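Because the structure is a prediction, the values reported are computed rather than measured. Below, chains carry the letters A, B, ... as their sequence lines are ordered, and counting in each starts from 1.
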2 protein chains.
Amino acid sequence: MATRTTSSPDTSAHLLEIFKALANPVRLQVLQWLRDPEANFPVHHGIADPHEVGVCVSHIQDKLGLAQSTVSSYMATLERAGLVISTRVGKWTHYRRDEERIARFTAELGDVL
Amino acid sequence: MATRTTSSPDTSAHLLEIFKALANPVRLQVLQWLRDPEANFPVHHGIADPHEVGVCVSHIQDKLGLAQSTVSSYMATLERAGLVISTRVGKWTHYRRDEERIARFTAELGDVL
DNA sequence: ATATCATATCGATACTCTTCGAATCATCGA
DNA sequence: TCGATGATTCGAAGAGTATCGATATGATAT
């Protein structure tokens with residue numbers, strides 16, 4: 001039985017926010033990289049597996065080659081859209097995909113689009 | 001047997017173009033209105049059913065209350081993204097959803113996102 | 001406490017998008 | 001062919017986004 005843990009009505013405004021977040025090549029790329037953290041990022045300093053906590057901002061920044069402030073702001077945008085979840089472990093902020101909400105988005109998109 | 005008529009590989013660039021087209025409240029709204037032309041727009045002057053040809057720009061413009069040039073440009077954006085199809089009947093340009101491509105987009109989004 | 005490291009926020013600048021009105025193009029009817 | 005009507009294209013003003021460097025916050029270790 002798949003109980004819906006996270007609840008949020010996916011309003012039209014929120015739908016728009018998701019599309020805006022995805023309408024940028026860098027953010028879209030990062031989201032896709034995060035599908036397979038081990039394949040796309042170096043392992044983090046002894047921290048548990050990346051599927052748990054995610055990938056820290058510095059690694060994403062290294063791979064993108066953009067300013068740190070830029071990356072931070074992009075990740076915040078993705079988080080506001082509900083596409084990623086941030087977890088702070090010590091001084092590192094890790095981001096991982098919110099698979100549940102992404103799945104719900106792609107699944108229900110046909111009904112609302 | 002569902003044969004794929006329209007072929008286009010849905011490249012990452014095209015995916016981005018779709019998201020950009022959808023990342024605007026007006027364009028998103030029009031696309032949703034076009035799901036049910038009869039319910040959302042007045043019937044056009046004797047022309048066949050709106051599912052065939054679609055809705056003409058003037059009707060969309062009336063409903064939106066934006067300048068005609070603006071509406072025209074929005075519809076062109078939606079068309080470039082492959083979300084609508086335009087059909088010229090006399091002096092009227094009609095737009096309807098490209099249901100096949102929209103369906104493919106929503107169906108395959110889970111794989112690519 | 002303080003120095004240091006990872007992130008986040010702020011302020012500026014360049015670029016893109018939104019939206020308009022005016023000019024142009026296309027089609028129909030007289 | 002001419003004038004009217006619908007649509008597209010063009011050029012401009014304002015709003016929003018991308019991106020940076022500088023500064024601020026939060027955490028760790030000394």
Side-chain angles (χ1 to χ4, degrees), chain A residues 13 16-31 34 37 41-48 50 53-81 83-96, chain B residues 13 16-31 34 41-47 50 53-81 83-96:
Chain A
L16 194 65
E17 196 180 14
I18 296 181
F19 285 137
K20 281 186 182 172
L22 295 173
N24 172 288
V26 176
R27 288 190 297 259
L28 186 56
Q29 174 70 87
V30 170
L31 198 66
L34 287 178
F41 299 96
V43 198
H44 197 104
H45 339 290
I47 294 274
V53 283
V55 176
C56 77
V57 178
S58 356
H59 288 162
I60 302 174
Q61 193 216 325
D62 288 351
K63 185 143 182 168
L64 284 175
L66 292 173
Q68 187 262 328
S69 57
T70 304
V71 178
S72 175
S73 136
Y74 280 162
M75 297 315 294
T77 299
L78 285 173
E79 187 172 29
R80 273 193 306 275
L83 296 166
V84 301
I85 296 170
S86 71
T87 315
R88 185 134 200 179
V89 179
K91 34 183 182 177
W92 294 280
T93 305
H94 295 80
Y95 284 94
R96 68 183 192 281
Chain B
L16 193 66
E17 198 180 11
I18 296 181
F19 285 138
K20 280 185 182 171
L22 295 173
N24 171 289
V26 176
R27 288 190 296 260
L28 186 56
Q29 174 70 88
V30 170
L31 197 68
L34 287 178
F41 299 98
V43 197
H44 196 103
H45 341 289
I47 295 275
V53 284
V55 176
C56 76
V57 179
S58 355
H59 287 163
I60 302 174
Q61 192 216 328
D62 289 350
K63 186 144 181 168
L64 284 174
L66 292 173
Q68 199 208 19
S69 57
T70 303
V71 177
S72 175
S73 135
Y74 279 162
M75 297 315 293
T77 299
L78 286 173
E79 187 172 29
R80 273 193 306 274
L83 297 166
V84 300
I85 296 171
S86 71
T87 314
R88 184 133 199 179
V89 179
K91 36 183 180 176
W92 293 280
T93 305
H94 297 252
Y95 284 96
R96 68 182 191 283

(message) Strictly below 4.0 Å: does B/Y95 bring a side-chain N or O up to OP1 or OP2 of D/dT8?
(response)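 Result: yes.
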Taking atom [atom2] of [N] as reference, at what distance in whole Å does atom [atom1] of [X] sit?
X	N	atom1	atom2	result
B/Q61	D/dA7	CD	C1'	10 Å
A/R80	C/dA8	CZ	P	12 Å
B/L78	D/dT8	CG	P	12 Å
B/L16	C/dT16	CG	P	14 Å
A/K91	D/dT30	NZ	P	10 Å
B/M75	D/dT8	CE	P	9 Å
A/R88	D/dT25	CZ	P	13 Å
A/H94	C/dA6	NE2	P	12 Å

Those residues that, when tested against [X], pass side chain to side chain contact (heavy atoms under 4.5 Å, CB included) (two or more places apart):
X	result
A/L16	A/K20, B/P25, B/L28
A/A76	A/R80
B/K91	none
B/Q68	B/Q61

Scan nucleotides 20-24 of chain D against the protein and return all N/O pairs shorter than 3.5 Å with their distances rounded to 0.1 Å.
residue, atom, partner, partner atom, Å
D/dC20, OP2, A/A67, N, 2.8
D/dC20, OP2, A/T70, OG1, 2.8
D/dG21, N7, A/S69, OG, 3.4
D/dG21, O6, A/S69, OG, 2.8

(request) Measure the CG-CG distance between B/N24 and B/L78 for me, rounded to the nearest 0.5 Å. (result)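 One finds 8.5 Å between CG of B/N24 and CG of B/L78.
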(request) Would you mind telling me which residue lines up with the more 5' stretch of DNA chain D, B/V57 or A/S73, judged by nearest nucleotide? (result)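 So the residue in question is B/V57.
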(message) Please identify which of these residues, B/V57, B/V55, B/V71, B/L83, meets the side-chain contact (heavy atoms from CB on, under 4.5 Å) condition with B/Y95.
(response)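 For B/Y95, the side-chain contact (heavy atoms from CB on, under 4.5 Å) test succeeds with only one of B/V57, B/V55, B/V71, B/L83, which is B/V57.
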(request) Classify the nucleic acid contact of B/T93 as base, sugar-phosphate or nothing, counting any heavy atom under 4.0 Å across all strands shown. (result)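 B/T93: backbone/sugar contact only, no base atoms under 4.0 Å.
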(request) Could you tell me which non-hydrogen atom of B/H94 sits nearest to which non-hydrogen atom of B/V53, and how far apart they are? (result)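 Looking at all heavy atoms of both residues, the closest pair is CB-O, 3.1 Å.
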(request) For residues A/R27 and A/A21, report the shortest heavy-atom separation together with the two atoms involved. (result)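 So the two residues come closest at NE-O, 2.8 Å.
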(request) Kindly determine whether B/F41 and B/D62 satisfy side chain to side chain contact (heavy atoms under 4.5 Å, CB included), including the steps that lead there. (result) CA-CA 9 Å; B/F41 299 98; B/D62 289 350; over 6 Å; no
(message) Which residues in residues 19-28 of chain A have a heavy atom closer than 4.0 Å to any atom of DNA chain C?
(response)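 Within this stretch, nothing sits under 4.0 Å of the strand.
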